[in-house]
Amino acid sequence: MNDPIIALTFDDGPNVTITPLVLDVLEKHDVTGTFFLIGKNMTPETEPVIRRALSMGCEIANHSYNHSYMDSMQTVEIMKEIALTEDRIRSVTGHGAAFFRPPYLAVSDEMYESIDHCFIAGLGCEDWEIEVTAKERIRRTLEQACDGAIILLHDMEDNYPTVEALDEIIVSLKGQGYHFATLSQLFKAKHIDPGDHAITRNKIYSVVG
Ligand SMILES: [Zn+2]
């Protein structure tokens, strides 16, 4: 039996405050994660942060350009949200992203039809709510953890409780024998090609395999 695998994912960056702290924790434990970036947050100021994530082996993914609800958008608008973000991702990484997470996890038929990426949801702990303490974020995350799970966290501005929680989440999962993977590595390990539309169409993944 193979060791269980888990993917840590972080939404709403990049920024120059919380994203570097998240990277510090990942680096300390020698693990990687996947960052779902908001296109408009990818600026000359934040580019070094993205480059650092890449140099650590982290993966970059698409979380739209403006972070608006996209389920009420027309196809043209949807495609613009994706393309503007892809342009910025490509300018830093040299290639497009394989994965997309809809803002607020809001999806529509139009989105599934016009976005080529593999859709990702994830297992969250409501870490965008300031009332949810670091301790509670740890508890909720560990409670949901399983082989193939995609853990959904936020490296948004001021989200210090998640930075605090992340350290213990990683230590605990490591103690349980989990290996940490980027989303591409997780899908590969589970023998699913995220680019194969015959398999991934109209699906949004929270657990792989
Ligand atoms: Zn978001």
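Atom set for the values below is all heavy atoms of this structure, side chains included, hydrogens, waters and symmetry mates excluded. Counting starts at 1 for both ligands and their atoms, following the listed order.
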Take F187 and F99 through the ring-ring contact (aromatic ring centres under 6.0 Å, His included) test and state the conclusion after the steps. CA-CA 11 Å; F187 275 74; F99 301 97; 5.1 Å; yes
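- With hydrogens and angles left out, the side-chain atoms of N41 and R88 include no donor and acceptor closer than 3.5 Å.
- Remark: E157 pairs with no residue by the salt bridge (charged side-chain N to carboxylate O under 4.0 Å, His left out) rule, at least two apart or across chains.
- Residues Y112 and F119 bring their aromatic ring centres within 6.0 Å.
- Shown are R137, R139, R140; of these, the salt bridge (charged side-chain N to carboxylate O under 4.0 Å, His left out) with E126 is made only by R140.
- The distance from atom CD1 of I38 to atom CZ of R101, rounded to the nearest 0.5 Å, is 11.5 Å.
- With waters neither drawn nor counted, the protein N/O/S atoms under 2.8 Å from the Zn ion (ligand 1) amount to 3.
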